[in-house]
Structures are given as structure tokens and as C-alpha cells.
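The structure displayed is predicted, hence computed values, not measured ones.
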Amino acid sequence: MDHKITTQWKGGLTFESDNPSGKSVIMDTNIEGQEERYGLSPKAMMLSSLAGCSALDVISTLDKMKEDIDDFKIEVFGELTDEHPKYYHSVVVDYHFYGSDLNKNKCERAVNLSVEKYCGVMEMFRRFADVKTNITYHKR
């Protein structure tokens, strides 16, 4: 499967990038002396892509397992190298499950399937970063 995107300059350091889904996103960066931001940071969007890819896997797997949860979120922390070109050399992915009667075995299985088998973005990150994962359960 091939994907093609187009990123269009919108002035200053702001860009709009499309997606094969037909949606688009605005990207920019911190500019000294300018407080207003219009979009997302390209590097931080990589962390969002990692979380989104894995979250899709986890939720679809739990649905197939017929496991109900009240809520779910992923927090991703990335540490950039000090030297240019700066990239994420270490990443921690924290999975948070919320519910009154969570089946921890099913939740853990869903995370492991995403991390080890299904999430292509996770695999891409492993090519250049040390990736660690944690699972936390919250009672509701």
C-alpha cells in the first residue's frame, strides 16, 4: 500500500498537510517572539501517530474479545537527542485503562498484540528509539 500526502506552505512557518483519508492538519513550530501557534509540531505529531496507531489496535482487539472498558487513554513521552538532527532516542508509552471490573489479562493481551505484532508505527519507532511500555489500571 502506498500513501501520498501533499504539504502546502501557508506563510511564515505554517504548513497544511493532507492525508489519504481526505483530512488535513496544520503544522508549525515555536517561533521566537511569536506567541500564537496555528498547528501541531511535526515531531510531536509522530508521538501522536504512535499513540493513535496503538490505540486503534488495542480498542479493536478488546472489541473482538468482547471486553468492555469505561475509558482508555495513551500518554507518550519522547526524549529528543541533544544534537541536530534531533530525533526521539527514547520513548515511553503509558496505557491507561479505566473501569470498575477490568479484565487485566485481556487488556494486557491487547496491548501486547499491538506492541509486538500490529502497530506499524511502533515498529518504525523501534528502528531509532528505545521504546518502553507501561500499563496502569484505574478503578471507576
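- With a 4.5 Å cut-off on side-chain heavy atoms, Glu108 and Ile135 count as touching.
- Using a 4.5 Å heavy-atom cutoff, the side chains of Ser54 and Met122 are in contact.
- Applying the 6.0 Å contact sphere to OH of Tyr137 captures more than 12 heavy atoms from other residues, nucleotides or ligands.
- Under the 4.5 Å side-chain criterion, counting only non-hydrogen atoms from C-beta, Lys104 is not in contact with Phe97.
- Rounded to the nearest 0.5 Å, atoms CG (Asp28) and CG (Leu13) are 8.0 Å apart.
- Between Tyr98 and His138, the ring planes are parallel. Angles under 30° get that label, and only those over 60° would be called perpendicular.
- Atom CG of residue Leu40 and atom OG of residue Ser17 lie 11.0 Å apart, to the nearest 0.5 angstrom.
- Note: Gln8 CD to Phe15 CZ = 9.5 Å, rounded to the nearest 0.5 Å.
- Interatomic distance, CG of Asp68 versus NZ of Lys106, reported as 9.5 Å (0.5 Å rounding).
- For the pair Gly99 and Asp70, the tightest heavy-atom approach, listed with the atom from each and the gap, is CA-OD2, 3.3 Å.
- Contact of the Ile59 side chain with the Ile69 side chain is registered, since non-hydrogen atoms from C-beta on lie closer than 4.5 Å.
- Val76 is not connected to Leu56 by any chain of hydrophobic side-chain contacts under 4.5 Å among Ile, Leu, Val, Met, Phe, Trp and Tyr, and they are in different clusters.
- Hydrophobic clustering, with ILVMFWY side chains joined whenever heavy atoms are under 4.5 angstrom apart, groups Phe128 together with Leu47.
- Using a 4.5 Å heavy-atom cutoff, the side chains of Thr29 and Ser41 are not in contact.
- Tracing side-chain contacts under 4.5 Å through hydrophobic residues (I, L, V, M, F, W, Y), one reaches Met124 starting from Leu50; they form part of the same cluster.
- No side-chain heavy atom of Asn103 sits under 4.5 Å from any side-chain heavy atom of Met65.
- In terms of heavy atoms, Asp18 sits closest to Ile5 at OD1-CA, 3.2 Å.
- Transitive grouping of hydrophobic side chains (ILVMFWY, heavy atoms separated by less than 4.5 Å) brings Val91 and Val58 into a common cluster.
- Considering CD1 of Ile74 and CG of Asn134, their distance stands at 12.0 Å, rounded to 0.5 Å.
- When atom types are taken as modelled, the side chain of Ser90 and the backbone of Asp130 share no donor-acceptor pair closer than 3.5 angstrom.
- Linking ILVMFWY side-chain heavy atoms closer than 4.5 Å, directly or via other members, places Val121 and Val92 in two distinct hydrophobic clusters.
- Between Tyr38 and Glu16, the closest side-chain pair of non-hydrogen atoms is not below 4.5 Å.
- When all heavy atoms are compared, the tightest approach of Met27 to Thr7 is CE-CG2, 3.9 Å.
- Under the 3.5 Å distance criterion, with hydrogens and angles disregarded, no donor-acceptor pair is assigned to the side chains of Ser114 and Tyr95.
- In this structure, the side chains of Arg140 and Asp71 come closer than 4.5 Å at one or more pairs of heavy atoms.
- Counting only distance, with no hydrogens or angles, the side chain of Asp57 and the backbone of Cys119 share a donor-acceptor pair below 3.5 Å.
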